[in-house]
Amino acid sequence: MADKKIRIGIIGTGGISHSHIKAYLRQPDVEIVAGCDLIPGKAEAAFTELEVPAGAKFFTDYKEMLDTVELDAVSVCTYNRTHAECAIAALDKGLDVLLEKPFTVTLEEAVEVMKAEKRSGRFVSVGFQPRFDANMQMIKKIVQSGELGRIYYVQTGGGRRHGIPVGWSTTFIEEDKAGLGALGDIGCYSIDLVMNALGNPKPLTVTGTATDFFGKNPDSYGEGKKYCADIFGVDDFASAYIRLEGGIILDFRIAWYMHLDTPGDTIIMGTKGSLRVPSTDCWNGSFNKPMTIYHDVAGVATQTEVPLLPATTDLWDRKIRSFLDAHKNGGEAPVPTSQIVYNQAILDGIFRSNEAGREVEVDIPEI
């Protein structure tokens with residue numbers, strides 16, 4: 001029936017799920033019918049706080065929810081460590097999945113999700129809402145236009161001077177829940193910014209480091225939070241030198257905590273020109289200053305400022321709407337795993353390289 005609403009389930013009702021729920025509630029063709037969280041009462045409390053219409057069912061076991069509730073699609077907003085298992089279970093039930101970033105923790109997990117997509121005929125869209133930002137899209141337009149010529153070197157990253165996320169929970173810093181720290185929280189955004197602009201070239205090798213100097217230091221936390229140093233089990237800084245298909249070098253760094261205002265702007269260097277994307281004080285997948293193209297005009301070194309476009313204020317609505325439209329129309333995922341698996345391969349390569357103390361090759365199996 002044309003007026004039949006899309007029945008949505010929410011797996012994991014912590015902080016990030018609230019953005020999903022609010023955006024779903026603004027869509028006229030959606031009904032949120034179920035919520036699940038490991039903590040008893042948490043899903044019901046979240047739905048009450050966000051004024052989800054009465055009638056939804058609540059669970060502490062996502063498998064029970066998938067088995068007993070009629071659903072069309074789900075948002076997976078759980079700990080990083082459980083992204084893969086929740087997404088696979090939903091796919092195997094014939095549901096489309098909007099999966100919060102990072103895709104997974106390991107490349108192996110990402111591949112298993114993609115196998116589940118293939119056997120189920122359903123799709124996963126990964127939660128990179130910055131892709132819907134007008135200024136982010138302008139970066140891709142500039143690169144893909146050929147204005148910069150052949151791209152050969154890219155520098156990207158970002159960070160927070162003091163920004164280990166423990167304000168409301170410690171799940172971001174616990175290894176058994178997060179698996180990834182700064183890399184999974186904000187690093188994957190930085191990588192997607194440039195990988196998407198470049199057309200998602202395949203990563204070939206990675207030389208990387210990941211450290212926890214600040215996370216393990218009690219002085220990095222305010223009073224009442226110093227115990228976090230004892231349970232910190234992820235990365236607070238990472239850097240990498242990545243060789244991409246097409247002879248492109250990606251120079252990357254990301255930080256949750258550093259004695260610096262920024263680890264540098266994003267720079268995309270080409271044979272005809274280079275683009276500088278200004279850094280921000282607290283990297284969150286967007287920027288607020290004009291970009292600059294450096295090129296020669298009639299043999300004269302010239303700088304062209306790219307005007308900052310109005311901020312895209314409805315990123316979450318666009319992210320949710322694009323997912324719903326793909327579900328309704330049988331289209332491709334707005335942010336497909338076939339692209340984000342390269343992002344995941346880079347994150348995975350950084351950790352493998354850090355452990356090995358050397359450059360490692362990236363091997364993404366055929367699916």
Side-chain angles (χ1 to χ4, degrees), residues 84 101-115 117-118 124 126 128 130-131 136 139-140 142-144 146 148-158 179-184 186-211 235 237-254 263-275 277 333 335-367:
K101 60 82 190 166
F103 184 177
T104 54
V105 172
T106 68
L107 176 58
E108 182 180 10
E109 289 173 338
V111 169
E112 290 305 310
V113 173
M114 294 174 74
K115 288 179 179 178
E117 280 185 291
K118 186 174 182 179
V124 172
V126 187
F128 284 92
R131 285 199 179 195
M136 290 293 185
I139 297 172
K140 184 172 183 177
I142 291 170
V143 173
Q144 295 296 319
L148 306 181
R150 178 181 179 274
I151 307 302
Y152 60 90
Y153 175 84
V154 177
Q155 170 186 295
T156 196
L180 301 169
L183 275 169
I186 53 179
C188 60
Y189 277 146
S190 297
I191 293 171
D192 190 60
L193 181 160
V194 294
M195 288 292 285
N196 187 42
L198 295 170
N200 295 290
K202 183 180 179 180
L204 303 176
T205 66
V206 178
T207 301
T209 60
T211 57
D235 57 283
F237 173 81
S239 62
Y241 187 86
I242 303 132
R243 298 179 186 274
L244 302 173
E245 208 168 41
I248 304 170
I249 297 300
L250 173 55
D251 188 350
F252 164 77
R253 73 294 306 262
I254 200 75
D265 296 339
T266 289
I267 298 170
I268 302 176
M269 299 174 66
T271 55
K272 292 169 58 179
S274 294
L275 177 69
V277 182
V335 185
T337 58
S338 58
Q339 295 176 7
I340 306 304
V341 70
Y342 292 161
N343 190 310
Q344 196 64 47
I346 290 172
L347 301 183
D348 186 84
I350 291 171
F351 276 103
R352 290 191 296 112
S353 174
N354 184 67
E355 292 177 357
R358 57 175 173 79
E359 182 179 67
V360 297
E361 293 187 359
V362 174
D363 180 20
I364 303 173
E366 291 292 330
I367 299 169

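For the side chain to side chain donor-acceptor pair (under 3.5 Å) test, no residue two or more places apart in sequence or in another chain qualifies with Gln155. Every residue meeting the ring-ring contact (aromatic ring centres under 6.0 Å, His included) condition with Phe128, not counting sequence neighbours, appears here in chain and number order: Tyr189. Legend: residues meeting side chain to side chain donor-acceptor pair (under 3.5 Å) with Lys202, ordered by chain and number and at least two apart, are absent.
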For residues 203-210, dump all side-chain donor-acceptor pairs below 3.5 Å to protein atoms at least two apart in sequence or in another chain.
from, atom 1, to, atom 2, distance (Å)
Thr205, OG1, Glu359, OE2, 3.1
Thr209, OG1, Ser239, OG, 2.8

Under 3.5 Å, side-chain donor or acceptor atoms of residues 360-367 against the rest of the protein: list the pairs with distances, not counting sequence neighbours.
none

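Residues Leu183 and Phe351 have side chains in contact (heavy-atom distance under 4.5 Å, counting atoms from C-beta outward).
To the nearest 0.5 Å, atom CG of residue Asn196 and atom CD1 of residue Ile139 are 9.5 Å apart. In this structure, OG in Ser353 is found 13.0 Å from OH in Tyr241, a value given to the nearest 0.5 Å. Rounding to the nearest 0.5 angstrom, the gap separating the CE atom in Met195 from the CD1 atom in Ile242 is 8.5 Å. Between the CE atom of Met114 and the OG1 atom of Thr104 there is a distance of 10.5 Å, given to the nearest 0.5 Å. Rounding to the nearest 0.5 angstrom, the gap separating the OG atom in Ser274 from the CD1 atom in Ile268 is 9.5 Å.
At distances below 3.5 Å, not a single donor-acceptor pair connects side-chain atoms of Asp235 with backbone N or O atoms of Thr211.
Around the CD atom of Glu108, the shell of radius 6.0 Å holds no more than 12 heavy atoms that belong to other residues, nucleotides or ligands.
Partner Val154 forms a side-chain contact (heavy atoms from CB on, under 4.5 Å) with one of Ile267, Leu198, Leu193 and no other, that one being Leu198.
Applying the salt bridge (charged side-chain N to carboxylate O under 4.0 Å, His left out) test to every pair with at least one member in residues 338-348, sequence neighbours left out, gives these pairs: Asp348-Arg352.
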